[in-house]
Trainee: 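Please read through the structure below; I'll follow up with questions.
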Amino acid sequence: MSPSSHRGRGAQGDHELWRRAPERLHFPETGGEAPWDTWRSRPAAQQPDYPDPAALREVTARLRSCPPLVFAGEVDDLRALMGAASRGEAFVLTGGDCAETFAESTADHLRLKIQTILQMAVVLTYGASLPIVKMGRIAGQYAKPRSNDVETRDGVTLPSYRGDAVNSFEFTPRARIPDPTRLMDTYHHASSTLNLIRAFTKGGYADLRLVHHWNRGFTANPAYARYESLAEEIHRAVKFIEAAGVDFDSLRDVDLYSSHEALLLEYESAMTRIDSRTGLAYDCSGHFLWVGERTRDLDGAHIELLARVHNPIGVKLGPTTSADEMRGIIDRLNPEGDPGRLTFITRMGAERIRRVLPGLLEASKADGRPVTWMTDPMHGNTITSSTGYKTRSFDTIMDEVRGFFEAHQDAGTVPGGIHVELTGDDVTEVIGGSENLDDAALGSRYETLVDPRLNHQQSLEMAFQVAQYLATGA
Ligand code: TRP
Ligand code: PEP
Ligand code: MN
């Protein structure tokens, strides 16, 4: 953030300035370490093994001098909205790729993805009769945790693909070496993606009436006749608004927040800034950041870093999570119980959610500190198709969503939102849905580099089903 480090641009001494990491200029009292750099003394899972540490230092020093991607005021707004969701006064929709790629960060792909999220949001707004907090797995979701460090094909073993932020998907030794300059590319792709999001959401393109018009195209398809009555109700509501001549800015504009897994500690800490107004640290790589199931170790580096930034934070909870563990996470990330600070994103699997979630909800009620509960019905339900594809079934995904609503209803707690992997394109990665995609169809347009995503139609179908649960109970 040091403005002076930009001044000598182009001069030979440039890199020297960058190498003198700005945090050393800013934090003399800690001997140069930023207050949020305490993660460095903790075990860090899932980090790339960069062969050239000096090159990494150079990149992170440059990132420290780049403008923030999101702003503290926006992050605070989202935090308040997440608090509203924890009380049942709003409902959160998070959608986007498992792994964004640089190649697909094009205007067309991004537009379709944003469009899909907005279309879902209209349906959910009606079903919930509540404001929908719109959030993308977008503008930063370029790094992936992997179960295996290496991948073997035809007897050749190479480092696993860890997302475009780290290495390239191509299966060659050179492509798979972690390259720190990709962190700079990550920043620029996130930046241009956010620019497009801001243009789309504030430029008339997100107008409720226009988005509703797109939804009419979806419901006109006979395959979705079962949603006709809900679609018709929404249509009449929009017609009523139009007939009454309602013309608020709020019908035209939306806030679409960015989120991603805070996986790469060097990137996330280099993107952390002190807000000049409050003196608090914010991770300015995205509005909302989450810790994955594989990196949520209480004593690990990821929790340590996120404990020190003021963003709203999510933690994925898998089926083995104990109540003690859950309380430990609250103690570390939200000891004072600030509303909106902490979201638990449960990803139990359809088969286990009804058994595992109730115990956590009871423990959370007894604890008393507010939690925003979201369901990720994707990651506990991954299977291999008979044709060899990593896939998920739409019915199983919806079964986990139903289990989530049922558990909250039984416990008297608040289901705060859904978190799904989707794309705006007509891919064939998840089986089922009204178009009845089967194992054989998976091959026709299977494009994901990591996990299978709902396609455009399946995403809308999910929104209609969830809207029904929200309106009438699961
Ligand atoms: N601004 C309102 C909101 O964000 C209404 C709105 C305008 C809207 N465009 C939208 C809602 C698109 C959902 C989708 O809720
Ligand atoms: C993900 O969200 O893509 C992911 C890897 O999830 P989890 O950490 O829950 O496995
Ligand atoms: Mn995934």
Side-chain angles (χ1 to χ4, degrees), residues 45-46 77 81 84 90-100 114-135 137 140-147 162-163 200-215 234 237-238 241 246-257 259-263 289-297 302 314-321 344-349 374-382 390-392 400 419-423 429-430 448-454 460 463 467:
Q46 297 281 345
D77 288 347
L81 288 168
F91 190 79
V92 188
L93 167 65
T94 302
D97 291 284
C98 176
E100 292 183 273
I114 295 165
Q115 213 168 297
T116 303
I117 295 170
L118 294 176
Q119 285 184 257
M120 293 175 79
V122 168
V123 177
L124 292 172
T125 306
Y126 186 84
S129 299
L130 286 175
I132 301 298
V133 182
K134 301 148 199 82
M135 191 142 61
R137 289 174 63 112
Q141 181 55 21
Y142 307 103
K144 298 308 298 173
R146 301 314 301 261
S147 309
R162 288 183 174 274
F200 277 149
T201 54
K202 309 290 171 191
Y205 193 77
D207 191 301
L208 178 66
R209 290 152 290 195
L210 182 62
V211 178
H212 172 64
H213 181 73
W214 299 330
N215 277 355
I234 299 176
V238 173
I241 292 174
V246 174
D247 199 11
F248 301 130
D249 281 351
S250 64
L251 286 181
R252 224 179 64 104
D253 293 347
V254 307
D255 294 320
L256 174 57
Y257 294 98
S259 74
H260 63 267
E261 177 173 351
L263 182 70
L289 304 157
W290 77 84
V291 192
E293 169 75 356
R294 294 166 189 77
T295 53
R296 63 173 171 75
D297 178 7
H302 292 84
V315 179
K316 292 282 197 92
L317 298 183
T320 60
T321 314
F344 284 136
I345 308 165
T346 61
R347 31 91 82 220
M348 304 294 180
M374 293 182 70
T375 175
D376 162 0
M378 315 296 290
H379 287 89
N381 298 311
T382 312
K390 189 176 181 184
T391 187
R392 295 162 174 153
E400 176 149 4
H419 174 121
V420 292
E421 290 183 341
L422 60 79
T423 166
E429 299 171 4
V430 167
T448 183
L449 299 190
V450 187
D451 286 342
R453 304 159 294 180
L454 299 170
L460 287 181

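This is a predicted model, so every value here is computed, not measured. First listed ligand is number 1; within each ligand, the first listed atom is number 1.
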Trainee: For ligand 2, which atoms sit closer than 4.0 Å to a heavy atom of Gly292?
Mentor: 8 (O)
Trainee: Which ligand 2 atoms are under 4.0 Å away from a heavy-atom of Cys98?
Mentor: 3 (O)
Trainee: Which residue is it: Thr375, Thr382, Asp376, Asn381? I am looking for the one with a side chain to side chain contact (heavy atoms under 4.5 Å, CB included) to Met378.
Mentor: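 Considering Thr375, Thr382, Asp376, Asn381, a side chain to side chain contact (heavy atoms under 4.5 Å, CB included) with Met378 is found only for Asp376.
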Trainee: Could you tell me, atom by atom, which parts of ligand 2 come under 4.0 Å of a heavy atom of Arg347?
Mentor: 7 (P), 9 (O), 10 (O)
Trainee: So if I apply the side chain to side chain contact (heavy atoms under 4.5 Å, CB included) rule between Leu263 and each of Arg294, His302, Gln141, Arg162, which one comes out positive?
Mentor: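 Per the side chain to side chain contact (heavy atoms under 4.5 Å, CB included) rule, the option paired with Leu263 is His302, out of Arg294, His302, Gln141, Arg162.
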Trainee: Measure the spacing between CZ of Arg453 and OG1 of Thr391 and express it to the nearest 0.5 Å.
Mentor: 12.0 Å
Trainee: Start with the C-alpha gap between Leu81 and Tyr257, add the side-chain angles, then the distance that decides, and say whether side chain to side chain contact (heavy atoms under 4.5 Å, CB included) holds.
Mentor: CA-CA 11 Å; Leu81 288 168; Tyr257 294 98; 3.7 Å; yes
Trainee: Could you tell me whether the side chain of Glu261 reaches within less than 4.5 Å of the side chain of Thr295, counting heavy atoms only?
Mentor: yes
Trainee: Nearest protein heavy-atom contact for atom 4 (C) of ligand 2: which residue, which atom, what distance?
Mentor: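 The protein heavy atom lying closest is His379 NE2, 3.4 Å.
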Trainee: Between Met120 and Leu460, is any pair of side-chain heavy atoms under 4.5 Å apart?
Mentor: yes
Trainee: How close does the nearest protein non-hydrogen atom get to atom 8 (O) of ligand 2, and which residue and atom is it?
Mentor: Glu293 N, 2.8 Å
Trainee: In the protein, which heavy atom is nearest to atom 2 (O) of ligand 2, and how far is it?
Mentor: Lys316 NZ, 2.8 Å
Trainee: Is a side-chain donor or acceptor of Arg347 paired with a backbone partner of Gly318 at a separation under 3.5 angstrom?
Mentor: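 No.
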Trainee: Could you check whether any side-chain heavy atom of Asp255 comes within less than 4.5 Å of a side-chain heavy atom of Lys202, counting everything from C-beta outward?
Mentor: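 In short, these two side chains touch, coming nearer than 4.5 Å.
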Trainee: Check the pair Leu210, Trp214 against side chain to side chain contact (heavy atoms under 4.5 Å, CB included), reporting the backbone distance first and the verdict last.
Mentor: CA-CA 7 Å; Leu210 182 62; Trp214 299 330; 3.8 Å; yes
Trainee: How far does CG of Asp253 sit from CG of Asp207, to the nearest 0.5 angstrom?
Mentor: 8.5 Å
Trainee: If you look at each N/O of ligand 1, which protein N/O atoms lie under 3.5 Å away, and at what distance?
Mentor:
{"from": "ligand 1", "atom 1": "1 (N)", "to": "Ser250", "atom 2": "O", "distance (Å)": "2.5"}
{"from": "ligand 1", "atom 1": "1 (N)", "to": "Asp253", "atom 2": "O", "distance (Å)": "2.8"}
{"from": "ligand 1", "atom 1": "4 (O)", "to": "Lys134", "atom 2": "NZ", "distance (Å)": "2.8"}
{"from": "ligand 1", "atom 1": "9 (N)", "to": "Ala206", "atom 2": "O", "distance (Å)": "2.6"}
{"from": "ligand 1", "atom 1": "9 (N)", "to": "Leu208", "atom 2": "N", "distance (Å)": "3.3"}
{"from": "ligand 1", "atom 1": "15 (O)", "to": "Lys134", "atom 2": "NZ", "distance (Å)": "3.2"}

Trainee: With a cutoff of 4.0 Å, is His419 in contact with ligand 2, counting heavy atoms of the residue only?
Mentor: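 Contact check His419 vs ligand 2: negative.
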Trainee: As a quick check of understanding, evaluate side chain to side chain contact (heavy atoms under 4.5 Å, CB included) for Gln115 and Phe200, giving each step before the final call.
Mentor: CA-CA 9 Å; Gln115 213 168 297; Phe200 277 149; over 6 Å; no
Trainee: Please write down residue, atom name and distance for the protein heavy atom closest to atom 3 (O) of ligand 2.
Mentor: Lys144 NZ, 2.7 Å
Trainee: For Glu421, take its heavy atoms, then give the atoms of ligand 2 lying under 4.0 Å from any of them.
Mentor: 1 (C), 3 (O)
Trainee: Measure the acute angle between the ring planes of Trp290 and His419, then classify it against the limits of 30° and 60° as parallel, tilted or perpendicular.
Mentor: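 Aromatic pair Trp290/His419 classed perpendicular.
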Trainee: Which protein atoms of type N, O or S are found under 2.8 Å from the Mn ion (ligand 3)?
Mentor: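 Atoms qualifying: Cys98 SG, His379 NE2, Glu421 OE2, Asp451 OD2.
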Trainee: Give me the one residue out of Glu429, Glu400, His379 that meets side chain to side chain contact (heavy atoms under 4.5 Å, CB included) with Arg392.
Mentor: His379
Trainee: Under 4.5 Å between any side-chain heavy atoms of Leu256 and Ile117, yes or no?
Mentor: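 A side-chain contact exists here, since the closest heavy-atom pair is under 4.5 Å.
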Trainee: For ligand 2, is Met378 a contact, meaning one of its heavy atoms is under 4.0 Å away?
Mentor: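 No; Met378 lies far enough from ligand 2 that no heavy-atom distance drops under 4.0 Å.
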Trainee: Between Asp247 and Arg209 (salt bridge meaning N to carboxylate O under 4.0 Å), is one present in this structure?
Mentor: yes
Trainee: In terms of atom number and element, which parts of ligand 2 are under 4.0 angstrom from non-hydrogen atoms of Arg137?
Mentor: 1 (C), 2 (O), 3 (O)
